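Written out below as C-alpha cells is the structure these notes cover.
Everything numeric here is computed off the predicted structure, so don't read it as measured data. Residue numbers start from 1 in every chain, and the chains themselves are labelled A, B, ... in the order their sequence lines are given, proteins ahead of strands.
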There are 2 protein chains.
Amino acid sequence: MATGRTHRPATRSRGIPEATVARLPLYLRALTALSERSVPTVSSEELAAAAGVNSAKLRKDFSYLGSYGTRGVGYDVEYLVYQISRELGLTQDWPVVIVGIGNLGAALANYGGFASRGFRVAALIDADPEMAGKQVAGIAVQHSDGLEKIIDENGVSIGVITTPPGVAQQVCDRLVAAGVTSILNFAPTVLSVPDGVDVRKVDLSIELQILAFHEQRKAGEEAEAQAGAAVQAAQENNRKGPDGDVPAVMPA
Amino acid sequence: MATGRTHRPATRSRGIPEATVARLPLYLRALTALSERSVPTVSSEELAAAAGVNSAKLRKDFSYLGSYGTRGVGYDVEYLVYQISRELGLTQDWPVVIVGIGNLGAALANYGGFASRGFRVAALIDADPEMAGKQVAGIAVQHSDGLEKIIDENGVSIGVITTPPGVAQQVCDRLVAAGVTSILNFAPTVLSVPDGVDVRKVDLSIELQILAFHEQRKAGEEAEAQAGAAVQAAQENNRKGPDGDVPAVMPA
DNA sequence: CCATCTTTGTGCACGCGTTCACAAAGACAT
DNA sequence: ATGTCTTTGTGAACGCGTGCACAAAGATGG
C-alpha cells in the first residue's frame with residue numbers, strides 16, 4: 001500500500017475496523033461502475049472480484065455496516081452505493097485546500113477523482129508570489145499569506161500538503177492552527193500534529209523502494225535456483241558473518 | 001497509508017515481515033538526514049522519534065536484519081544506512097519507465113526522491129503523438145509504440161502507470177508481456193496480473209475518502225457531546241432501524 | 001405449502017504485527 | 001577488575017485482520 005497511517009491508536013470508529021474503512025472506497029468505485037451500467041443487483045462474489053478482494057472479506061466488511069443484502073439474491077447496487085457514500089461522509093461537501101502548487105499540486109488540482117466524490121478544491125495556495133493569480137485547473141492560485149482567512153471563510157477541515165519537505169511542518173502547523181483537522185501529506189517528512197488531527201501520508205519514493213525490495217528478492221531467488229551446480233565454487237568461499245549475502249546477479 | 005498491497009499472500013521474504021519492509025524506507029530517510037549532519041551514532045529512541053514510530057518496533061525491525069547495534073551506545077548511522085540500502089536493493093541501479101505523461105506523470109518525472117535512491121527514469125512514454133519528443137524533466141517523451149523495445153533495451157523491471165484508468169490494464173498487460181515484474185499503479189483501477197508480478201497501488205482519491213470518514217466521525221462525536229441536554233427532543237424521535245444515524249450536523 | 005437452491009451473515013481458528021517488559025551485553029568510570 | 005549505567009535484542013502476551021466453512025434466510029419452482 002502506498003499509504004501509511006500516522007498517530008491513530010487503533011481507535012475503532014463506531015465499530016467499523018480501520019481495515020474495512022480503507023476498503024470501502026474500493027467497493028464504492030466498483031459499485032459506481034456497476035450503477036453506470038444499470039446493473040440492479042450484484043453478488044458478493046462478483047463484487048469482490050471487481051474490487052480485487054476475497055468475497056468472505058467483503059461480506060464481513062458489509063456486515064459492519066448492517067445487513068444490506070438479500071440472501072439468495074445479492075446486494076442492491078444503488079442502495080449500497082448510497083449506504084457506503086453516507087458511511088464515508090461523501091454525501092456532504094468537503095472543501096479542501098491544496099498547499100504547494102508545484103507539479104504534484106497541479107496534478108492533484110486537475111485530478112478528476114476529487115470533484116466526483118464530494119471533494120471541492122476551495123483554494124490553491126503557494127508561497128511563491130510569482131504563482132499568485134495564475135490559473136491552475138481553472139482556479140486562481142492564492143498567496144499563502146491569506147491561508148488562515150481562506151480556511152476560516154470556507155470552513156475547510158481537510159488540507160493537502162504538496163510542498164517541499166523543508167516547509168511541510170510549518171505549513172502543517174499553520175493549517176492546524178487555522179482549524180484544519182485532517183491532513184493528506186505528500187511531502188516526504190514526518191509531520192507532528194496535536195491529538196485529534198489525522199494525518200495520512202502518501203510517499204511516492206517509499207512505494208518504489210518497497211517494489212525494489214521485492215524485485216531484488218525475485219532476482220535473488222532466481223539466482224539461487226540457477227546456481228544449482230554451476231557456481232558452487234562460490235559457495236565454498238562462504239565466510240560466515242552478519243550479512244547473509246546473495247550472489248550479486250543482475251536481474252536482466 | 002496511501003497505499004494498498006495487491007496479490008501478496010503474506011509471503012515472508014527472507015524472513016523479513018512485510019510490515020517491516022514498509023518501514024525500512026522511513027528509517028533510511030531519517031538516517032540519511034542524520035548522516036548529512038555527520039551524526040555518528042543514534043539510539044533507537046532518537047531514531048524512532050525521527051521516523052515517527054515506536055522505539056520497540058524499530059528495534060524489532062532492525063533485529064530482522066541482524067544485530068547491528070551496540071548496547072549502551074546505539075546504532076552506527078553510516079553502517080545502518082548501508083545495511084538498509086543493501087537490504088532494500090538500493091545499492092543497485094533500477095531503471096524505471098513512467099507510462100502516461102499527464103500532470104501526474106510529469107510530477108513524478110520531476111520528483112527528486114527517485115533519482116536520489118538508485119531509481120533512474122529510463123523513459124517517459126505516452127500514447128499521444130503530440131507528446132512525443134517533448135521534454136519533461138529533461139527527458140524526451142517517447143511514443144508508446146516503442147514500449148517493448150525500450151523496456152527490453154534498458155532492462156527495465158519496474159513500471160509506473162499514470163495513465164487514465166481506461167487504458168491502465170492494457171498498459172499493464174504490455175508492460176508485463178515485455179518483462180516488467182513490478183508495477184506502481186496510480187490509475188484508479190484494479191489491475192490483474194499473473195503470479196510473480198508485484199503491483200502496488202497509490203490512490204489519491206481513496207486517501208481523501210478515508211480522511212473524510214474520520215472527519216465525519218469527529219463531527220458526529222462533537223455533535224453528540226454538544227447534544228447533552230439541549231436537543232434531547234430529537235432523541236425521542238428515535239426510530240429503530242438498520243441505519244444507526246447520527247444527527248445531521250455540519251462540521252463548520 | 002413444501003422442497004430445493006442460491007447467497008448472505010457469522011462463529012471460529014489461525015497467523016501476523018504490536019507492545020511490554022526484562023535480561024543480556026557492552027561502555028565507562030573508579 | 002569490578003560495579004554501575006545505558007541501550008539493545010527478544011520472549012511472551014495480546015489484539016486485529018483474514019479466511020474457512022456452515023447455518024440461517026430468503027427466493028423460486030412445482
Side-chain angles (χ1 to χ4, degrees), chain A residues 1 3-24 26-27 31 39-77 79-80 83 210 242, chain B residues 1 3-24 26-27 31 39-77 79-80 83 210 242:
Chain A
M1 247 176 305
T3 300
R5 219 184 332 156
T6 312
H7 225 306
R8 174 147 292 274
T11 314
R12 267 212 194 177
S13 337
R14 176 115 148 275
I16 301 181
E18 218 17 63
T20 296
V21 172
R23 279 188 295 266
L24 289 181
L26 230 59
Y27 302 144
L31 284 164
V39 177
T41 61
V42 66
S43 72
S44 64
E45 202 72 46
E46 291 166 327
L47 185 55
V53 301
N54 181 307
S55 73
K57 198 187 299 190
L58 180 142
R59 287 198 300 275
K60 182 148 290 193
D61 283 341
F62 285 174
S63 78
Y64 292 114
L65 307 183
S67 291
Y68 295 147
T70 307
R71 293 171 195 234
V73 176
Y75 298 91
D76 183 283
V77 172
Y79 188 56
L80 208 45
Q83 289 298 343
I210 297 173
Chain B
M1 250 174 306
T3 300
R5 220 185 329 156
T6 313
H7 223 307
R8 174 149 291 274
T11 314
R12 268 213 194 176
S13 336
R14 176 112 147 275
I16 301 181
E18 206 37 47
T20 296
V21 172
R23 278 188 296 267
L24 290 182
L26 229 59
Y27 303 144
L31 285 164
V39 177
T41 61
V42 66
S43 72
S44 65
E45 202 73 45
E46 291 167 327
L47 185 54
V53 302
N54 182 306
S55 73
K57 198 187 297 186
L58 179 141
R59 286 198 300 275
K60 180 144 286 190
D61 283 342
F62 285 175
S63 79
Y64 292 114
L65 308 183
S67 292
Y68 294 147
T70 308
R71 296 174 192 229
V73 176
Y75 299 92
D76 184 282
V77 172
Y79 188 56
L80 207 46
Q83 288 300 342
I210 297 173

*A/D76 has an atom CG; how far is it from atom C1' of D/dA27, in whole Å?*
16 Å

_Separation of atom CG in B/N54 from atom P in C/dA21, rounded to whole Å_ = 12 Å

*Show your working on side chain to side chain contact (heavy atoms under 4.5 Å, CB included) between A/V53 and A/R23 and close with a plain yes or no.*
CA-CA 9 Å; A/V53 301; A/R23 279 188 295 266; 4.1 Å; yes

*Write down the distance between CZ (A/R23) and C1' (D/dT18), rounded to a whole number of angstrom.*
8 Å

*What is the distance from OH of B/Y64 to P of D/dT10, rounded to the nearest Å?*
10 Å

_Does A/F62 reach a base, just sugar-phosphate, or nothing at all? Heavy atoms under 4.0 Å._
nothing

_Under-4.0 Å side-chain N/O to phosphate OP1/OP2 contact, B/R59 with C/dC20_ = no

*For B/K57 and C/dA21, give me the distance from atom NZ to atom P, rounded to whole Å.*
17 Å

*asked:* I want to confirm an ordering. Mapping A/G72 and A/S63 to their closest nucleotides on DNA chain C, which one lands closer to the 5' end?
replied: A/G72

_Below the 4.0 Å mark, does C/dG9 have OP1 or OP2 next to a side-chain nitrogen or oxygen of A/Y75?_
yes

_Tell me whether the side-chain N or O atoms of B/R71 pair up with the base of D/dT8 as donor and acceptor below 3.5 Å, since no angle test is needed here._
yes

*Taking atom P of D/dG9 as reference, at what distance in whole Å does atom CG of B/D61 sit?*
12 Å

*Evaluate the criterion side chain to side chain contact (heavy atoms under 4.5 Å, CB included) for residue pair A/T41 and A/T70; output intermediate values, then yes/no.*
CA-CA 10 Å; A/T41 61; A/T70 307; over 6 Å; no

*Check against side chain to side chain contact (heavy atoms under 4.5 Å, CB included), B/R59 and B/Y75*: CA-CA 10 Å; B/R59 286 198 300 275; B/Y75 299 92; 3.8 Å; yes

*asked:* Would you say the ring centers of A/Y68 and A/Y79 fall short of 6.0 Å from each other?
replied: yes

*Report yes or no: is there a donor-acceptor pair, N or O only, under 3.5 Å between the side chain of A/K60 and the base of D/dT18?*
no

_Tell me the interatomic distance from A/E18, atom CD, to C/dG17, atom C1', rounded to whole angstroms._
16 Å

*Which is it for B/K60 and B/T20 under the side chain to side chain contact (heavy atoms under 4.5 Å, CB included) test, yes or no, and what are the steps along the way?*
CA-CA 9 Å; B/K60 180 144 286 190; B/T20 296; over 6 Å; no

*When you match A/V73 and A/A56 each to their closest nucleotide on DNA chain D, which lands nearer the 5' end?*
A/A56

*Reckon B/S44 has a side-chain N or O less than 4.0 Å from the OP1 or OP2 of D/dT8?*
yes

*Rounded to the Å, how far apart are A/L47 CG and C/dT7 P?*
14 Å

